[in-house]
Amino acid sequence: MSERPLALVFGGSRGIGAACVEALKEEFEVSSTSTANVDIQKPEDVKRAFDDVEKRHGRKVDCVVANAGINVPPGTMAQFDPASFRKLVEVNIVGAFNVLAEAARRVADGGSIVAITTSLVRHAAPGLGPYSATKAAVECMVRSMAKELAPRGVRVNAVAPGPVDTDLFRAGKTEEMKQRSAALSPFNRIGTPAEVAAVVGFLASDKASWVHGQIVQPNGGLS
């Protein structure tokens with residue numbers, strides 16, 4: 001049996017999640033989920049994901065990455081579709097709650113939990129308030145979990161990237177909108193999934209043994 005610690009990535013099939021899987025492979029044995037086999041809106045699906053990994057490997061998960069989430073086309077508060085907002089809430093808040101709650105119950109003592117949020121929680125942008133609000137809720141859960149799980153030696157952090165070149169970022173955006181996002185960084189570009197995943201890999205590892213309850217922002221100096 002492998003002695004490498006075990007990581008479970010929710011939403012690991014593409015974009016930042018897929019990059020996290022690759023980054024974690026340096027130190028972990030990695031399992032990942034996709035929307036095809038795990039609907040994070042259903043607690044029973046999330047529980048089954050943990051059950052399957054534990055059964056397959058014969059041990060508890062040492063690291064959980066809560067990456068699964070969605071975005072919808074941006075819109076001002078005056079024009080935002082209520083159905084789209086409810087969809088954001090069901091996936092990005094309820095789904096994240098399901099993953100984080102099960103991770104709190106199932107992750108091994110001394111392990112780590114990393115949630116993916118967004119720098120937009122702290123950087124207000126027109127049209128993105130509803131999406132940012134759902135990620136702010138995740139950060140509140142992360143900070144509370146950090147206090148709750150500390151007695152078990154479990155570190156809990158969030159990674160809040162700026163604009164990153166993924167399908168989720170590109171959805172519904174014109175070239176002009178993408179350029180405006182790039183201009184928010186003094187480097188005048190958007191980030192890559194690998195740049196974000198490197199931070200996740202660090203936080204998941206023992207190298208980050210003294211990093212706990214933090215929201216780390218790989219965002220190219222977003223301003």
Side-chain angles (χ1 to χ4, degrees), residues 7 9-27 30 32 63 65-76 88 91-92 96 112-143 146 155-205 207-223:
V9 178
F10 283 84
S13 61
R14 62 179 183 171
I16 291 173
C20 287
V21 169
E22 292 305 310
L24 289 168
K25 284 180 179 177
E26 293 183 10
E27 297 193 27
V30 186
S32 68
C63 170
V65 177
N67 171 68
I70 62 167
N71 202 349
V72 297
T76 64
L88 284 172
V91 178
N92 291 357
S112 62
I113 299 171
V114 183
I116 307 299
T117 64
T118 175
S119 287
L120 292 171
V121 172
R122 281 153 294 279
H123 179 88
L128 296 174
Y131 169 75
S132 303
T134 63
K135 293 299 188 177
V138 176
E139 292 189 0
C140 288
M141 288 187 272
V142 163
R143 288 194 293 267
R155 294 181 299 102
V156 187
N157 295 287
V159 173
V164 179
D165 189 17
T166 64
D167 292 341
L168 191 66
F169 167 77
R170 291 189 293 269
K173 291 185 176 68
T174 65
E175 284 302 316
E176 182 183 358
M177 293 168 72
K178 294 174 190 175
Q179 286 302 315
R180 285 204 300 268
S181 293
L184 294 173
S185 165
F187 296 119
N188 196 34
R189 69 172 178 87
I190 59 176
T192 67
E195 288 173 316
V196 177
V199 179
V200 174
F202 166 72
L203 290 174
S205 74
K207 299 182 185 73
S209 59
W210 201 231
V211 183
H212 180 56
Q214 302 302 305
I215 313 298
V216 183
Q217 300 186 85
N219 59 22
L222 177 72
S223 62

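Note that the numbering runs from 1 along the sequence shown for the chain. Values below: every heavy atom of this structure, side chains too, minus hydrogens, waters and symmetry copies. Keep in mind it's a predicted model, so treat the numbers as computed, not measured.
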- Task: Identify the two heavy atoms, one from Ala19 and one from Ala194, that lie closest to each other, and give their separation to 0.1 Å.
- Result: CB-N, 4.0 Å

- Task: Applying side chain to side chain contact (heavy atoms under 4.5 Å, CB included), run through Asp165 and Thr192 and close with a yes or a no.
- Result: CA-CA 6 Å; Asp165 189 17; Thr192 67; 5.7 Å; no

- Message: Minimum heavy-atom separation for Asn188 and Ala183, please, with both atom names.
- Response: OD1-CA, 3.5 Å

- Task: Give the C-alpha distance, both sets of side-chain angles, the deciding distance and a yes or no for side chain to side chain contact (heavy atoms under 4.5 Å, CB included) between Val114 and Val199.
- Result: CA-CA 10 Å; Val114 183; Val199 179; over 6 Å; no

- Task: Please determine which of Ile16, Val9, Asn67, Ile116 meets the side chain to side chain contact (heavy atoms under 4.5 Å, CB included) test together with Val200.
- Result: Ile116

- Value for OG1 (Thr166) from CZ (Arg170), rounded to nearest 0.5 Å, stands at 6.5 Å

- Task: Looking only at non-hydrogen atoms, find the nearest pair between Val91 and Gly69 and report the distance.
- Result: CG1-CA, 4.0 Å

- Separation of Leu222 CG from Leu184 CG (nearest 0.5 Å): 5.5 Å

- Query: Does any pair with a residue in residues 119-130 pass side-chain hydrogen bond (donor to acceptor under 3.5 Å, both in side chains), and if so which ones, sequence neighbours excluded?
  - Reply: Ser119-Gln217, Ser119-Asn219, Arg122-Glu139, Arg122-Gln217

- Task: Please report the shortest heavy-atom distance between Leu24 and Ala204, naming the atom on each side.
- Result: CD2-CB, 3.6 Å

- Item | Residue of the set Val156, Val65, Val142 for which side chain to side chain contact (heavy atoms under 4.5 Å, CB included) holds with Ile113 | Val156

- Do you know the tightest heavy-atom contact between Pro163 and Phe169? CB-CE1, 3.7 Å

- Check whether any side-chain heavy atom of Val30 sits under 4.5 Å from a side-chain heavy atom of Glu22, and report yes or no. no

- Query: Would Tyr131 and Val72 satisfy side chain to side chain contact (heavy atoms under 4.5 Å, CB included), going step by step from the backbone distance to the final call?
  - Reply: CA-CA 8 Å; Tyr131 169 75; Val72 297; over 6 Å; no

- Message: Return the CZ to CD distance between Arg189 and Gln179, rounded to the nearest 0.5 Å.
- Response: 13.5 Å

- Taking all non-hydrogen atoms of both residues into account, name the closest pair between Ser205 and Arg155 and its distance. O-NH2, 2.9 Å

- Considering residues at least two apart in sequence or located in another chain, which fulfil the salt bridge (Lys or Arg N to Asp or Glu O under 4.0 Å) criterion with Glu26? none

- Item | Main-chain N/O of Ala182 paired with Ser185 side-chain donor or acceptor, under 3.5 Å | no

- Message: Could you measure the distance from the CD atom of Glu176 to the OG atom of Ser181? Nearest 0.5 Å is fine.
- Response: 11.0 Å

- One should read off an interatomic distance between Asn71 CG and Lys135 NZ, to the nearest 0.5 angstrom, of 8.5 Å

- Is there a donor-acceptor contact under 3.5 Å from the side chain of Glu195 to the main chain of Pro193? no

- Message: Just verifying a value: how many Å separate Asn157 CG and Leu203 CG, rounded to the nearest 0.5 Å?
- Response: 5.0 Å

- Message: Would you say that more than 12 heavy atoms from the other residues, nucleotides or ligands in this model lie under 6.0 Å from the CZ of Arg14, or not?
- Response: no

